[in-house]
Participant: 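Following this message is one structure expressed as structure tokens.
Fair warning: this is a prediction, and the values are worked out from it, not measured in the lab. All residue numbers refer to positions in the sequence shown, counting from 1.
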Amino acid sequence: MTFGIAQYTNLTQEQNNWINDLSVELKTFFENRNYGEDLNQLYFGLITVKPEFDQFFKKKRPRYLPGERTSYVDGIEIKSNNCVEIDCKIEFSQVSNLKKDELIEKVCNEILTESDSLTRLSKLKKFDFESYMSDLKNYLIDKKYTK
């Protein structure tokens, strides 16, 4: 399964780098795992913007895009296959001054919480939610990212 975290933030470059490192790490962890044929790609959009930009970055409902698709964003071709996109929104004031460990824990907890929405996607039938959640939780606990 392909896993990724896209960032829409006003955090510092250093904080963005920490989250990007987490995304790469989770991508590597999940790349050889399979939880059923209905989900091949799982992307979390992390929204952490200053209050003055909140109106432009609303949290959207989780989306399931079944089958193979090709779309174009700003002229760039993007291919997806059985893809889920989930938004995570964290108030900027809650994370803007956090140190690395605290920020990563906050982001990981948000991903765990928002992962529950996978159970509410009615078209996502052939997906082993329990195994996915178990693997994610155990990995985050083993890495001491969450408690």
Side-chain angles (χ1 to χ4, degrees), residues 1-36 38-65 68-121 124 127-147:
M1 180 174 77
T2 304
F3 186 101
I5 303 171
Q7 297 182 65
Y8 309 95
T9 76
N10 290 123
L11 297 173
T12 66
Q13 186 60 51
E14 185 178 34
Q15 289 171 314
N16 286 329
N17 289 344
W18 297 336
I19 296 168
N20 191 50
D21 290 347
L22 173 67
S23 179
V24 169
E25 200 177 309
L26 287 168
K27 177 184 187 298
T28 301
F29 174 74
F30 280 110
E31 70 187 352
N32 294 319
R33 297 182 187 284
N34 186 328
Y35 300 101
D38 279 356
L39 183 61
N40 297 331
Q41 298 170 306
L42 178 58
Y43 298 110
F44 289 88
L46 178 64
I47 304 168
T48 311
V49 294
K50 292 178 179 173
E52 60 265 30
F53 301 115
D54 249 357
Q55 63 185 351
F56 304 112
F57 294 92
K58 299 286 185 208
K59 181 178 171 185
K60 297 181 191 119
R61 293 176 57 193
R63 294 186 318 167
Y64 177 54
L65 306 167
E68 290 189 31
R69 295 167 182 252
T70 302
S71 57
Y72 295 89
V73 178
D74 298 331
I76 298 169
E77 182 179 87
I78 299 172
K79 292 181 182 272
S80 68
N81 183 10
N82 293 340
C83 177
V84 172
E85 298 172 353
I86 300 174
D87 282 352
C88 300
K89 191 161 189 175
I90 304 174
E91 292 294 321
F92 181 77
S93 60
Q94 291 180 0
V95 292
S96 60
N97 295 319
L98 294 182
K99 292 180 177 44
K100 183 177 182 180
D101 293 348
E102 300 165 320
L103 177 62
I104 295 301
E105 181 177 358
K106 188 86 170 156
V107 170
C108 289
N109 285 332
E110 190 65 22
I111 288 171
L112 278 169
T113 301
E114 291 299 330
S115 286
D116 281 340
S117 65
L118 289 166
T119 62
R120 296 189 296 277
L121 295 170
L124 193 58
F127 172 64
D128 187 348
F129 176 75
E130 302 302 324
S131 291
Y132 161 75
M133 283 301 282
S134 174
D135 285 352
L136 179 61
K137 282 180 188 171
N138 290 334
Y139 182 80
L140 297 178
I141 290 168
D142 286 350
K143 290 291 196 169
K144 298 186 176 22
Y145 294 152
T146 62
K147 293 173 179 70

Participant: Once you round to the nearest 0.5 Å, how far does OH of Y8 lie from OG1 of T48?
Facilitator: 12.0 Å
Participant: Restricting to side-chain contact (heavy atoms from CB on, under 4.5 Å), what partner residues turn up for K147, sequence neighbours left out?
Facilitator: E105
Participant: Do V24 and D21 touch side chain to side chain, with heavy atoms closer than 4.5 Å?
Facilitator: no
Participant: Just how far is it from atom CG of D128 to atom CG of L118, taken to the nearest 0.5 Å?
Facilitator: 11.5 Å
Participant: Mark yes or no for whether Q7, through its side chain, and N16, through its backbone, hold a donor-acceptor pair below 3.5 Å.
Facilitator: yes
Participant: Quick check with a 6.0 Å cut-off and a 45 degree axis cone: is R33 positioned over the face of Y35's six-membered ring?
Facilitator: no
Participant: With a 4.5 Å heavy-atom cut-off, do T9 and V95 have their side chains touching?
Facilitator: no
Participant: Should we say atom CG of N97 is surrounded by more than 12 heavy atoms from elsewhere, each under 6.0 Å from it?
Facilitator: no
Participant: Under a 4.5 Å cut-off applied to non-hydrogen side-chain atoms, are L140 and L26 in contact?
Facilitator: yes
Participant: Hey, could you give me the CG/CG distance between L136 and L42, rounded to the nearest 0.5 Å?
Facilitator: 9.0 Å
Participant: To the nearest 0.5 Å, what is the distance between OG1 (T146) and CD1 (I104)?
Facilitator: 12.0 Å
Participant: Yes or no on side-chain contact (heavy atoms from CB on, under 4.5 Å) for Y43 and T2, after CA distance, side-chain angles and deciding distance?
Facilitator: CA-CA 8 Å; Y43 298 110; T2 304; 3.4 Å; yes
Participant: Could you pull out the closest heavy-atom pair between K59 and D87, with the gap in Å?
Facilitator: CE-O, 3.3 Å
Participant: Quick one: SG on C88 to CG on N109, what's the gap to the nearest 0.5 Å?
Facilitator: 11.0 Å
Participant: Using modelled atom types only, decide if a donor and an acceptor are shared between the side chain of Q41 and the backbone of N81 within a distance under 3.5 Å.
Facilitator: yes
Participant: Between D54 and K89, does at least one N-O distance fall below 4.0 Å, as a salt bridge requires?
Facilitator: yes
Participant: Return the set of residues passing side-chain contact (heavy atoms from CB on, under 4.5 Å) with F56 (not counting sequence neighbours), or none when no residue passes.
Facilitator: F53
Participant: Donor-acceptor pair, distance only, cut-off 3.5 Å: does the side chain of D38 make one with the backbone of F127?
Facilitator: no
Participant: If every non-hydrogen atom of S117 is compared with every non-hydrogen atom of P62, which pair is closest and at what distance?
Facilitator: OG-CG, 3.4 Å
Participant: If only atom types and distance count, is the side chain of Q15 paired as donor or acceptor with the main-chain N or O of S96 below 3.5 Å?
Facilitator: yes
Participant: Side-chain contact test, heavy atoms from C-beta onward, threshold under 4.5 Å: evaluate it for N82 versus Y64 and give yes or no.
Facilitator: yes
Participant: Counting only heavy atoms not in Q94, do more than 12 sit closer than 6.0 Å to its CD atom?
Facilitator: yes
Participant: Anything under 30° is parallel, anything over 60° is perpendicular, the rest tilted; go ahead and classify F44 against F3.
Facilitator: tilted
Participant: Are any side-chain N or O atoms of S115 and backbone N or O atoms of I111, one a donor and one an acceptor, separated by less than 3.5 Å?
Facilitator: yes
Participant: Hey, what do you get for CZ (F30) to CE (M1), rounding to the nearest 0.5 Å?
Facilitator: 4.5 Å
Participant: Check whether any side-chain heavy atom of E25 lies under 4.5 Å from a side-chain heavy atom of Y145, and answer yes or no.
Facilitator: yes
Participant: Please find the pair of heavy atoms, one from L98 and one from W18, that lie closest to each other, and give the distance.
Facilitator: O-CZ3, 3.9 Å
Participant: Is any side-chain heavy atom of M133 closer than 4.5 Å to one of D116?
Facilitator: yes
